[in-house]
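Every heavy atom of this structure was used, including side-chain atoms; hydrogens, water molecules and symmetry mates were not. All chains are named by letter (A, B, ...) in the order of the sequence lines, taking the proteins before the strands, and each is independently numbered beginning at 1.
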Number of protein chains: 2
Amino acid sequence: MSRPEVKRMTQQRRIILEELGKVTSHPTADEVYGMVRVHLPSISLGTVYRDLEAMSGSGLIQKLETCGRQKRFDGNPAPHHHVRCLACGRVGDLQTDTELYIKADFDDPGGYKVTGYRMEYTGLCPDCRRDPLAI
Amino acid sequence: MSRPEVKRMTQQRRIILEELGKVTSHPTADEVYGMVRVHLPSISLGTVYRDLEAMSGSGLIQKLETCGRQKRFDGNPAPHHHVRCLACGRVGDLQTDTELYIKADFDDPGGYKVTGYRMEYTGLCPDCRRDPLAI
DNA sequence: CTCTCAATAGTAATGATTACTGTTACTATT
DNA sequence: AATAGTAACAGTAATCATTACTATTGAGAG
């Protein structure tokens, strides 16, 4: 039940945070590794994993683990919705004014205590929509 | 965009389907492997993976890949909701009378075509609720 | 400045899943 | 019933994302 947290703001974490803030592509750990290595060539992939985990535990960034074997990360910590392209796996942001109504009182929760939910929309990204066979 | 489908109902698939129908525990592929091996000791783990994938592609069962590195499978193909225990990873069913309202017309879908959604509730299972430090 | 321990680089290990390869067995058609 | 075509199989190797380990470094409090 305990999650890793950020105790010290190192150069590695500062740069990861900066790079994540520049994009809206919700990169994977490996993609973040590539982005950060441009500025800090000696950084280790393990460090990227650990720091992404710690920073999402501290609420500085968001971890998207809704689907797929590969986790993705979002530099915007504010709650918002995501769409995942069923063809290529890309993830985009969704802007919504009205709040989503989620039913939380169940007829039979089977003894579970329901505290939240995880969700993502699915669909097709602009590219795959244009040419579904491209990928 | 193409998914594997069931063309032939083999003994392996029949038994996997039977065993999945007996439980409500949403077992992982490995757990299904253990359940099926009691009745068919020579079955291969690869076959279990392939058959679970094919049968979920054909709508005979449900594949739960909403979260976690390990997929889980549900013998009940009818749409219903799930809760995942944040402490131990167990997954349970949720019964709801009223339908969930999901907003699908977004102010800015960013060029995406939204066709559906994936969601699961999160919380604590009866055991972990009783003793959060047990696991 | 110094001390402490969180964080790091580099690498090995893990674990779930997928791919491959030669063989088996459904199903339809002679 | 024999044959052909091919989906599915068992067994095993390979892949890929992630986590763990170990010795070393450096952030930041006092």
Residues which pass side-chain contact (heavy atoms from CB on, under 4.5 Å) with A:T28, listed by chain and number, not counting sequence neighbours: A:D30, A:E31, A:Q70, A:R72

Residues from residues 47-58 of chain A lying under 4.0 Å of DNA chain C - heavy atoms: A:T47, A:R50, A:D51

Rounded distance in Å - CD (A:Q12) to C1' (C:dT8): 6 Å

Listed partners of B:S44 passing side-chain contact (heavy atoms from CB on, under 4.5 Å), at least two apart: B:T47

Spacing of B:Q70 atom CD relative to D:dT18 atom P, expressed in whole Å: 15 Å

Sugar-phosphate, base or nothing in reach of A:Q11, heavy atoms under 4.0 Å: nothing

D:dA8 phosphate, OP1 or OP2, under 4.0 Å from B:R13 side-chain N/O: yes

Sub-3.5 Å pairs of nitrogen or oxygen atoms, protein against nucleotides 25-30 of chain C:
{"residue": "C:dC26", "atom": "O2", "partner": "B:R8", "partner atom": "NH2", "Å": "3.3"}

In a table with atom names and distances, give each donor-acceptor pair under 3.5 Å that connects a side chain of residues 56-63 of chain B to protein atoms at least two apart or in another chain.
{"residue": "B:S56", "atom": "OG", "partner": "B:L52", "partner atom": "O", "Å": "3.3"}
{"residue": "B:S56", "atom": "OG", "partner": "B:E53", "partner atom": "O", "Å": "3.0"}
{"residue": "B:S58", "atom": "OG", "partner": "B:V6", "partner atom": "N", "Å": "2.8"}
{"residue": "B:S58", "atom": "OG", "partner": "B:A54", "partner atom": "O", "Å": "3.3"}
{"residue": "B:K63", "atom": "NZ", "partner": "B:E53", "partner atom": "OE1", "Å": "3.4"}
{"residue": "B:K63", "atom": "NZ", "partner": "B:E53", "partner atom": "OE2", "Å": "2.6"}

Contacts of B:H82 that satisfy ring pair (Phe, Tyr, Trp, His ring centres under 6.0 Å) - sequence neighbours left out: B:H26, B:H80

Listed partners of B:E120 passing salt bridge (charged side-chain N to carboxylate O under 4.0 Å, His left out), at least two apart: A:R118, B:R84

Hydrophobic cluster (4.5 angstrom, side-chain heavy atoms) - remaining members for B:L64: B:V91

side-chain N/O A:K71 vs D:dT19 OP1/OP2, d < 4.0 Å: yes

ring-ring contact (aromatic ring centres under 6.0 Å, His included) contacts touching residues 29-59 of chain A (sequence neighbours left out): none

Listed partners of A:R50 passing salt bridge (charged side-chain N to carboxylate O under 4.0 Å, His left out), at least two apart: none

Sorted by number, the residues of residues 29-45 of chain B with heavy-atom contact under 4.0 Å to DNA chain D: B:S42, B:I43, B:S44

Five-pair end axes of the helix from C:dC1-D:dG30 to C:dT30-D:dA1 and the angle they enclose, rounded to 10°: 40°

Donor-acceptor contact present, side-chain A:R13 to main-chain A:R8, <3.5 Å: yes

